[in-house]
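Down below is the structure, laid out as structure tokens.
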Amino acid sequence: MNKDISQAVIRRMPRYYRYLGELLDEGVERISSNELSLKMNVTASQIRQDLNNFGGFGQQGYGYNVQYLYEEIGRILGLEQRHNIIIIGVGNLGQALANYSSFEKMGFVITGLFDINPDLEGRIVGRIPVRMLRELEPFAATHKVDIAALTMPKYTADKIANRLVNLGIRAIWNFAHIDLELMDKDVVVENVHLSDSLMQLSYNMMRSQKERKKEFAKKNETSSKQ
Ligand code: ATP
């Protein structure tokens, strides 16, 4: 059923999942696409179209069963499985991820931390000891690793990524400041650039400031004419 679903639709799924989770917490059992659209600020037709990609889930005149839809989207996103994550680079960002307990509630469990800094060896971060990078191979041989998060500097990212791929790790969550592209097309990469998002915010701040200045100038102009 999930064939040929566009990445644009997949990108919207986590947001549906999050909103539906909130509705469940509020005790809401069913919701129409119109109500959901108001809540999420997307059109009802977009919601219907998106969810139709997966077989709909809705019933005419009844709306969506929140629990069912939540579980189905979770299943589509693969959240019913546990995912073991290792973190490479236990600096500020790596430690923040390791300490962030909410991932575990979604089944993303951090099971290994690796760094090259000997000062960090054995330090416990989020219940896990930091191991030296040279222990990566033996660790991967004895532990199932589903995802590797890269939070070390960009200049080593390519090399490490290839090392991980050779160990059979098929998913990379890349925070290093580089757009990782791997030759092995069976390996999936999610590049997360927090600074890109911050730069977009900066641009939008500037734009809204300009708009406000323009509005202000316009108001002044009209009041001085009166
Ligand atoms: P952050 O960027 O997370 O704030 P930082 O500024 O302390 O951390 P970075 O230089 O970005 O330092 O490195 C992040 C972490 O990655 C450090 O703990 C560093 O020791 C580690 N690191 C550097 N190179 C590698 C590597 N090749 N493999 C694993 N870890 C590495």
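Not measured: the values here are computed from a predicted model. Each ligand, and each atom within it, is numbered from 1 in the order the structure gives. The first residue of the sequence shown is numbered 1, and numbering continues consecutively from there.
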Mind checking whether Asp184 and Arg170 have side chains closer than 4.5 Å, heavy atoms only? yes
Name all pairs fulfilling the ring-ring contact (aromatic ring centres under 6.0 Å, His included) condition that reach into residues 16-42, sequence neighbours left out, sorted by first residue then second. Tyr17-Tyr70
Can Glu35 and Ser32 be counted as having a side-chain donor-acceptor contact under 3.5 angstrom? yes
Sub-4.0 Å heavy-atom environment of ligand 1, residues by chain: Ile88, Gly89, Val90, Gly91, Asn92, Leu93, Asp115, Ile116, Asn117, Leu120, Leu133, Thr151, Met152, Pro153, Thr156, Ile160
With sequence neighbours left out, which residue pairs that include part of residues 173-193 fulfil the ring-ring contact (aromatic ring centres under 6.0 Å, His included) condition? Phe103-Trp173, Trp173-Phe175
Sorted by chain and residue number, the side-chain hydrogen bond (donor to acceptor under 3.5 Å, both in side chains) partners of Arg82 (sequence neighbours excluded) come out as Asn84
Show the numbers, then the answer: is there a salt bridge (Lys or Arg N to Asp or Glu O under 4.0 Å) between Glu215 and Arg212? CA-CA 5 Å; Glu215 293 270 318; Arg212 276 202 309 274; over 6 Å; no
